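Structure, as structure tokens:
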Amino acid sequence: MQQHPHSSTARPRPATRAARRGAGRLAGAAAAIAAVVGLTTLGGPGAHAAENPYERGPAPTTAGIEAARGPYAVSETTVSSLAVTGFGGGAIYYPTSTADGTFGAVAVSPGYTGTQSSIAWLGPRLASQGFVVFTIDTLTTVDQPDSRGRQLLAALDYLTERSSVRGRIDSSRLGVMGHSMGGGGSLEAAKSRPSLQAAVPLTPWNLDKTWPEISTPTLIVGADGDSIAPVASHAEPFYSSLPSSLDRAYLELNNATHFAPNTSNTTIAKYSIAWLKRFIDNDTRYEQFLCPLPRPSLTIEEYRGNCPHTS
Ligand code: 9J3
Ligand code: ZN
């Protein structure tokens, strides 16, 4: 599918000079009337809210966010570990087109012993929906969650300040994701950088069970069959310890293991896309997929969260 650049239909122009003058006067009068009408309706219940400057792509559908690819064609560039400091390099996936302006960006950390290839499927899957996505390698594959959190932030700094795609990114609209210790690292990153707009830890693992310091909207994804980071001692207490005033959610995958985030997974993609769109892009068109709370199904063991969202 092709990207959907904002386009306007060209208006036929009157042929004669007089006709153009006439059209100009009419347009001026119409603008004046529109300005007065706009003033009288500002703030009223029927007022059209200012257009969201961060919204990207067409109106979403369930099929669209469940699809293997979204509306944007995606390009990829790799970043050598030798070219960066504070993390291990990785792969950047980004919408090819420059017609839609800048995009929000997300850094994604792998888990213990994993490399960026273990979470690479998320790169094109999320980027094709209109994000710049950096799936990273860590400095060593045995780095712990606190280190992975710092590395996610170093990767975002590289992405927005030095990378070849820095001009395509809105540096005020950033998020973090990660698998296992990388999910634990996502919590660490959000705790230390409250300006992050969204966090999505995937079957997260961390020795720290309490996250009341987080003010970033956070979707925690657990797996009912996870015996490495059991939800009862990881994902669930992480979710429960987030402030109850925060926009937060807990999605527990049904019939899934610790390694569900390592291969293409439509449930993970669908709710990650909705969460990132809703909170990185402030795109309330995606609220429909998050509220009312998704019901248990063949793929969802349980879903908890607050509705409606407040930020
Ligand atoms: O990143 C992970 O997969 C964390 C789970 C783990 O291996 O914990 C044992 C140290
Ligand atoms: Zn804590």
Side-chain angles (χ1 to χ4, degrees), residues 81 86-91 106-123 134-155 175-196 198-253 255-265 267-268 272 304:
S81 63
F87 69 108
V106 187
V108 192
S109 167
Y112 193 68
T113 75
T115 66
Q116 72 86 23
S117 66
S118 71
I119 36 102
W121 72 275
L122 286 161
F134 197 1
T135 54
I136 70 167
D137 277 312
T138 45
L139 293 167
T140 83
T141 57
V142 296
D143 293 337
Q144 297 297 296
D146 58 341
S147 172
R148 288 171 197 265
R150 291 189 294 272
Q151 294 185 53
L152 283 165
L153 298 179
V176 287
M177 297 180 66
H179 173 230
S180 195
M181 284 194 191
S186 305
L187 294 166
E188 305 274 0
K191 175 176 170 177
S192 63
R193 189 176 289 183
S195 63
L196 292 178
V200 186
L202 306 172
T203 60
W205 187 98
N206 204 309
L207 293 174
D208 184 344
K209 308 303 180 185
T210 57
W211 300 91
E213 310 90 347
I214 288 181
S215 59
T216 294
T218 299
L219 164 63
I220 293 181
V221 180
D224 62 350
D226 192 334
S227 55
I228 294 170
V231 295
S233 53
H234 293 271
E236 289 182 332
F238 301 164
Y239 167 76
S240 299
S241 70
L242 294 168
S244 57
S245 58
L246 182 68
D247 284 324
R248 59 176 184 165
Y250 172 63
L251 163 61
E252 188 174 309
L253 302 171
N255 196 22
T257 74
H258 185 63
F259 303 103
N262 293 132
T263 53
S264 298
N265 181 301
T267 308
I268 292 174
S272 297
R304 307 181 207 170

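Just so we're clear, the structure is a prediction, and the values are computed from it rather than from any experiment. Whatever order the structure lists them in is the order used to number ligands and atoms, beginning at 1.
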Considering all heavy atoms, the nearest Ser215-Pro194 contact: OG-CB, 3.5 Å

Classify the side-chain pair Thr115/Ser117 by whether it contains a donor and acceptor separated by less than 3.5 Å. yes

Tell me: protein heavy atom nearest atom 7 (O) of ligand 1, and distance? Tyr112 CD2, 3.6 Å

What I want to know is whether Met181 and ligand 1 share at least one N or O pair that is separated by under 3.5 angstrom. yes

Who's closest to atom 4 (C) of ligand 1 heavy-atom-wise, of Gly114, Ser180, Gly183? Ser180

Any side-chain donor paired with an acceptor under 3.5 Å for Ser147 and Gln151? yes

Distance under 4.0 Å to a non-hydrogen atom of Gly111: what atoms of ligand 1 satisfy this? 1 (O)

Output yes when a side-chain donor or acceptor of Asp226 lies under 3.5 Å from a complementary backbone atom of Gly222, and no otherwise. no

Considering non-hydrogen atoms of the protein only, which is the closest contact for atom 6 (C) of ligand 1, and what is the distance? Ile228 CG2, 3.8 Å

Looking at the Zn ion (ligand 2), is one of the N, O or S atoms of Thr210 less than 2.8 Å from it? yes

Under 3.5 Å: N/O of His258 near N/O of ligand 1: yes

Parallel, tilted or perpendicular for His179 and His258, by the 30°/60° rule? tilted

Say whether Asn206 and Glu188, considering side chains only, have a donor N or O and an acceptor N or O under 3.5 Å apart. yes

Minimum-distance atom from the Zn ion (ligand 2) among N, O or S atoms of Asp208: OD1

